[in-house]
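Here's the structure, in structure tokens; my notes come after.
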Amino acid sequence: MRIPFIAGNWKMHKTTEQARAFARTIKEMYKGTDVRAAIFAPYTQLSALKEELRGTGIAVGAQNVHYEAQGAYTGEISIPMLSELGVDYCLIGHSERRQYFGETDESVNLKLKALLESEIKPLVCVGEDLAQREAGQALALVEKQVRAAFAGITAEKAVRTTIAYEPVWAIGTGRTATPEQANEMCACIRNVLISLYDEETADEIVIQYGGSVNPENATQIMDMEEIDGALVGGASLDPVKFMQIVDF
Ligand code: PGA
């Protein structure tokens, strides 16, 4: 049984003080156990969030990481640096990283391999853009991203990964994929996992949908058979909205 997983991606939002205030609000509201919840925050807020959320069961994630443990990579952050803060999760391959910061299928694979050697659990984002969807290439493109991300990774390691299907055209646009479109792609991703590994392994991997998820559409999305959770951008900035989604 996969436990539903709702994750907030703050992107480049909030100061540390604002993050602390947010954490104090949600920890009063979180009922725990039935749904896993995590906040993916900018690096500078991770310590404060870990401190505020200690003992609540709400996890904290980073939004990116370098695959090398150390080196001459100005401006980058490594896995040991995140581990030292007790960070629980790390996003990899978000479409904004692919689009603006040169993230590739190859670097996603290197980061996934490196994270799976650590205690930090990876959350890999995949998804097509509008032109690819309109050209009928969405399924093939997402399959390619998933295969590339998991290249050389064993089943034993792969099960610690969460996948988020985020169609680029639905991110921050208010235009959500229909629940059927999202479900179809999540089913396709699970089939790719079956072909890479086996049914048992694929059944364990949590697959989220992301793209304009809000308190109004969360229930409908979460009701879909193949969708195990949501990666929430804009609506995760508001503690009440975020918790309404967690309580879908
Ligand atoms: P959105 O962002 O919910 O604001 O569309 C989702 C994401 O980019 O993770």
Side-chain angles (χ1 to χ4, degrees), residues 4-14 18-19 22 26 35-43 45-46 49 58-65 87-103 108 111-112 115 121-130 132-133 138 141-142 145-146 149 161-179 181-183 185-186 189 206-224 227-248:
F5 180 21
I6 307 291
N9 173 15
W10 282 355
K11 311 191 178 186
M12 197 173 70
H13 290 284
K14 294 193 192 291
Q18 290 166 339
F22 181 101
I26 61 167
V35 178
R36 278 193 293 147
I39 297 292
F40 288 78
Y43 293 131
Q45 298 153 28
L46 297 173
L49 282 176
I58 303 170
V60 175
Q63 298 174 5
N64 182 37
V65 75
V87 166
D88 307 286
Y89 288 93
C90 187
L91 280 183
I92 335 175
H94 189 281
S95 62
E96 286 151 16
R97 303 276 341 153
R98 293 179 192 256
Q99 196 178 344
Y100 306 130
F101 301 102
E103 186 86 277
V108 168
K111 291 176 184 192
L112 184 55
L115 280 166
K121 295 184 276 299
L123 198 165
V124 178
C125 303
V126 295
E128 80 287 357
D129 65 25
L130 188 58
Q132 290 159 337
R133 171 141 303 247
L141 189 276
V142 170
Q145 289 176 331
V146 173
T161 310
T162 299
I163 299 175
Y165 166 56
E166 298 204 302
V168 177
W169 46 273
I171 295 178
T173 56
R175 182 179 164 187
T176 355
T178 64
Q181 282 173 323
N183 194 62
M185 189 63 86
C186 292
I189 292 171
V206 168
I207 305 178
Q208 299 174 320
Y209 165 76
S212 299
V213 176
N214 58 43
E216 287 71 48
N217 61 26
T219 310
Q220 231 195 339
I221 290 165
M222 291 301 295
D223 274 351
M224 302 307 288
I227 303 176
D228 308 320
L231 182 56
V232 186
S236 75
L237 295 172
D238 178 322
V240 174
K241 283 191 187 159
F242 180 65
M243 292 315 287
Q244 282 170 343
I245 298 171
V246 170
D247 289 335
F248 65 89

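It should be emphasised that the depicted structure is a prediction, and the values quoted were computed from it without experimental measurement. Every number for a ligand or one of its atoms is a count from 1 in the order of the listing. The first residue in the sequence is number 1, and the count goes up from there.
Here the heavy atom of the protein found nearest to atom 3 (O) of ligand 1 is Gly233 N, 2.8 Å. Closest protein heavy atom to atom 4 (O) of ligand 1: Gly234 N, 2.8 Å.
Only the backbone of Ala170 comes within contact range of ligand 1, with a heavy atom under 4.0 Å; no side-chain atom does. At a heavy-atom distance under 4.0 Å, atoms from both the backbone and the side chain of Ile171 approach ligand 1.
Checking only distances, His94 does come within under 3.5 Å of ligand 1, N or O to N or O.
When each atom of ligand 1 is checked for a heavy atom of Glu166 under 4.0 Å away, the hits are 6 (C), 7 (C), 8 (O), 9 (O). Under a 4.0 Å criterion applied to the non-hydrogen atoms of Gly211, ligand 1 contributes the atoms 5 (O). Taking every non-hydrogen atom of Gly172 and a distance limit under 4.0 Å, the qualifying atoms of ligand 1 come out as 1 (P), 4 (O), 5 (O). Close contacts between ligand 1 and Lys11 involve ligand atoms 2 (O), 7 (C), 8 (O) [criterion: under 4.0 Å to a heavy atom]. Numbered from 1 in the order shown, with element, the atoms of ligand 1 that lie under 4.0 Å from a heavy atom of Ser212 read 1 (P), 3 (O), 5 (O). The contact set between ligand 1 and Leu231, taken as ligand atoms under 4.0 Å from a residue heavy atom, comprises 9 (O).
Remark: the backbone N or O of Ser212 is paired with a side-chain donor or acceptor of Asn217 at under 3.5 angstrom.
Smallest separation of non-hydrogen atoms from Pro167 and Gly210: CD-O, 3.4 Å. Nearest heavy-atom pair across Val65 and Tyr43 is N-OH, 3.7 Å.
Each of Ile227, Leu231, Asp228 was evaluated against Tyr209; a single residue qualifies, Ile227, per the side chain to side chain contact (heavy atoms under 4.5 Å, CB included) test.
Residue Gln18 qualifies as enclosed at atom CD: its count of foreign heavy atoms under 6.0 Å is above 12.
Residues meeting the salt bridge (charged side-chain N to carboxylate O under 4.0 Å, His left out) test with Lys241, sequence neighbours left out: none.
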Problem set entry | Verdict with reasoning, His94 to Glu103, per side chain to side chain donor-acceptor pair (under 3.5 Å) | CA-CA 8 Å; His94 189 281; Glu103 186 86 277; over 6 Å; no
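Between Phe242 and Phe22, the angle of the ring planes lies from 30° to 60°, which puts this pair in the tilted group.
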